[in-house]
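I have placed the structure first, in the form of structure tokens, so that the comments after it can refer back to it.
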Amino acid sequence: MTTTNTREHPLQACATAITAALADVVDLDPTWLPIDTKADVLIELAQAHERLGALKARVIAASGDLADDRGARSVASWLAVETRDEPACCAAEEKLAKTLDRKYAVLASAWATGAVNRNQVTVIARSLDDLPRRVGAEVIAAAETELVRLAGIHNPRDLRVLGRRILEVVAPDIAEEEERKRLEDEERAARARTRLVFKPLGDGRTRIVADIPDAVAAIFKTALHAYTSPRLDHHQEVADGLPRTDPDTGERIPHDQLLGLAFCALVEHIPVDRLPTQGRTPVKVVAQIDQQQLRDDLGAAGLSTGDQISISEVRRLACEHSILPAVLDGESEVLNLGRGKRFFDGAQRIAMGLVHHECQARGCTVPAEWCEAHHKKPWVKGGTTDLADGALLCPWHHHRAHDDRYQQSWAPDGTVTFTRLRQ
């Protein structure tokens, strides 16, 4: 008589027992558990979850034959189908499992005992992978042991920082030189991967997607913070020349939108006279405006880039930015391409600042040095670039000055009041 050994493998028995244990408590309500018991249960479940994840990773790492048997490209792709999970998540899980199995036994063991969690494991493995192989296996092993120890007292975010400086602990004699090489390698790679893409959305907006080096990003962020940092009293509606609340809704503007507005202000103030010329032509965006439409304040202006903007926006940008209005007659011939002096120069701005130390909008306290020079009579309508026709307005009120929804009232003391017109 032949007998068949039907004894379950301990791993399968473990999985079956866990499933059965969960089935026994699936309908239990934890609401009325004592607080101390809830604390104990949560910690034990978290540790069990991590140890179960480590066990799953070990099985995944050993299941290459399963993928071959089932005709799958990988264990991850098969598992994603069977568990209805995201393929990318399963692929990341398989990659981590194989990394631990091949290279980092100490880290894998710590995960198996619940000493570290999955997020810590991921950060530590990445930090170890980032170490150059030239430092040697002994140094990498020492770094692995130290990072596992540090995981007992630090969260993943802190471990990410510590991982970048781990050589200072385990190999201080080579740490400084390796840090120099690492930074130079990163900077070269960042330059090679630098990208910037413009995506017109067709609704008056353009999405800009950028991938730039950290050093450039730091400079850029610092420049934006010059506009967005609340240097003035945080209760004020306007600070650093940018609005803090939406004038239509009265709601506070989110910080990411504020950064976007700061980016616009920064671009508008690029000193175009310092940019490389296009051939021998200075960098200028020309706005073509029909003379009659300009008089009637109707229609739109066509830019030399092929885009269109409103007449009021042309007037605002023409005050001191890089828009050059080209006024056309009825036969589309140029009547007026700018004038000899369109921008207020530095001496004129200083003179205006001596008279008005702040934005000339009544009640605004933005300092004069943060303001823009504005033509009281629009420059595109014959306004002159002289002190009598000049005023200092912060970017926020400069937009209001060119917004036809607002009426302007200039007082003898040189201040202006904006009043929203009723529709």
Side-chain angles (χ1 to χ4, degrees), residues 88-89 91-92 95-96 99 103-104 107 117-135 139-140 143-144 146-147 150-151 153-199 205-231 239-242 253-272 274-276 283 370:
C89 295
K95 180 181 178 181
L96 179 61
T99 297
K103 298 190 287 187
Y104 306 130
L107 181 58
N117 59 53
R118 163 68 185 275
N119 291 331
Q120 290 176 313
V121 170
T122 301
V123 169
I124 292 174
R126 187 172 299 153
S127 298
L128 296 173
D129 283 343
D130 287 343
L131 291 177
R133 300 299 103 174
R134 61 177 174 265
V135 302
V139 171
I140 293 175
E144 179 184 3
E146 178 64 12
L147 286 172
L150 291 171
I153 51 178
H154 292 285
N155 60 31
R157 182 180 59 184
D158 294 340
L159 284 174
R160 190 173 294 108
V161 176
L162 294 168
R164 290 177 65 89
R165 311 300 294 268
I166 192 62
L167 289 180
E168 295 178 8
V169 178
V170 300
D173 53 324
I174 64 172
E176 187 171 336
E177 178 64 12
E178 288 299 331
E179 177 72 359
R180 180 187 66 80
K181 292 178 180 178
R182 180 184 65 79
L183 289 174
E184 290 178 350
D185 290 343
E186 285 184 354
E187 289 163 358
R188 278 192 295 269
R191 288 285 178 184
R193 294 197 295 267
T194 296
R195 298 289 187 275
L196 191 145
V197 179
F198 292 88
K199 296 182 178 180
R205 296 178 300 149
T206 295
R207 178 166 294 144
I208 300 176
V209 180
D211 193 338
I212 59 178
D214 286 343
V216 177
I219 296 171
F220 183 40
K221 186 186 297 184
T222 301
L224 294 183
H225 285 170
Y227 288 91
T228 60
S229 295
R231 293 186 182 133
D240 292 355
L242 289 176
I253 295 177
H255 186 66
D256 58 346
Q257 182 181 351
L258 203 59
L259 286 175
L261 295 173
F263 173 71
C264 295
L266 189 64
V267 171
E268 289 177 0
H269 286 81
I270 291 176
V272 294
R274 299 183 185 178
L275 296 178
V283 177
W370 296 351

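Quick note: numbers below take in every heavy atom, side chains included, and nothing from hydrogens, waters or symmetry partners.
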Please report the C-alpha distance between Val135 and Ile140 in whole Å, then the side-chain angles of each, then the deciding distance to 0.1 Å, and finally whether the side chain to side chain contact (heavy atoms under 4.5 Å, CB included) criterion is met.
CA-CA 7 Å; Val135 302; Ile140 293 175; 3.8 Å; yes

Please report the closest heavy-atom contact between Leu147 and Gly163, naming both atoms and the distance.
CD2-CA, 4.0 Å

Mark yes when over 12 heavy atoms from residues, nucleotides or ligands other than Asp214 sit less than 6.0 Å from its CG; otherwise mark no.
no

Spatial distance of atom CD (Glu178) from atom CG (Leu183) [nearest 0.5 Å]
11.0 Å

Counting only heavy atoms from other residues, nucleotides and ligands, does the tally under 6.0 Å from CZ of Arg134 exceed 12?
yes

According to salt bridge (charged side-chain N to carboxylate O under 4.0 Å, His left out), does anything in residues 167-176 pair up with another residue at least two apart or in another chain? List the pairs.
Arg165-Glu168

Would you please name every residue forming a side-chain contact (heavy atoms from CB on, under 4.5 Å) with Gln257, sequence neighbours left out?
Ile253, Pro254

Counterpart residues, salt bridge (Lys or Arg N to Asp or Glu O under 4.0 Å), relative to Arg180 (two or more places apart)
Glu177, Glu184

Not counting sequence neighbours, which residues clear side chain to side chain donor-acceptor pair (under 3.5 Å) with Arg164? List them please.
Glu186

Going by heavy atoms in the side chains, are Ile166 and Ser127 under 4.5 Å from each other?
no

Tightest non-hydrogen contact, residues Val121 and Leu107, listed as O-CD2, 3.8 Å

Does a side-chain heavy-atom distance below 4.5 Å link Leu162 with His154?
yes

Flag the pair Leu128 / Leu131 as yes when at least one side-chain heavy-atom distance between them is below 4.5 Å, and no otherwise.
yes

Could you tell me which residues satisfy side-chain contact (heavy atoms from CB on, under 4.5 Å) with Pro172, sequence neighbours excluded, listed by chain and number?
none

Test of understanding: with salt bridge (Lys or Arg N to Asp or Glu O under 4.0 Å), list the residues that count as partners of Asp185, not counting sequence neighbours.
Arg188

If the condition is side chain to side chain donor-acceptor pair (under 3.5 Å), which residues does Gln120 pass it with, not counting sequence neighbours?
Asn117

Are Thr194 and Asp211 side-chain neighbours, meaning at least one heavy-atom pair lies under 4.5 Å?
no

State which residues pass side chain to side chain donor-acceptor pair (under 3.5 Å) with Glu179; sequence neighbours excluded, sorted by chain then number.
Arg182

Could you check whether any side-chain heavy atom of Val123 comes within less than 4.5 Å of a side-chain heavy atom of Arg157, counting everything from C-beta outward?
no

State which residues pass side chain to side chain donor-acceptor pair (under 3.5 Å) with Arg193; sequence neighbours excluded, sorted by chain then number.
none

Taking the side chain as every heavy atom from C-beta outward, state whether Asn155 and Leu159 have any pair of such atoms under 4.5 Å apart.
no

Contact summary for Ala171 and Val139, nearest pair of heavy atoms:
CB-CG1, 4.0 Å

Once salt bridge (Lys or Arg N to Asp or Glu O under 4.0 Å) is applied, do any residues pair with Arg191, and if so which ones, sequence neighbours excluded?
none

For Leu266 versus Phe220, what's the shortest heavy-atom pair and its separation?
CD2-CE1, 3.8 Å

Please identify each residue that fulfils side-chain contact (heavy atoms from CB on, under 4.5 Å) with Ala210, with sequence neighbours left out.
Leu196, Ile212

Could you tell me which residues satisfy side-chain contact (heavy atoms from CB on, under 4.5 Å) with Asp129, sequence neighbours excluded, listed by chain and number?
Thr99, Lys103, Tyr104

Please indicate whether Arg133 has more than 12 foreign heavy atoms, meaning atoms of other residues, nucleotides or ligands, lying under 6.0 Å from its CZ.
yes

Is there a side-chain contact between Phe198 and Val209, using heavy atoms and a 4.5 Å cut-off?
no

Lys181, NZ atom: more than 12 neighbouring heavy atoms under 6.0 Å
yes

Taking all non-hydrogen atoms of both residues into account, name the closest pair between Asn119 and Pro156 and its distance.
CB-CG, 3.7 Å

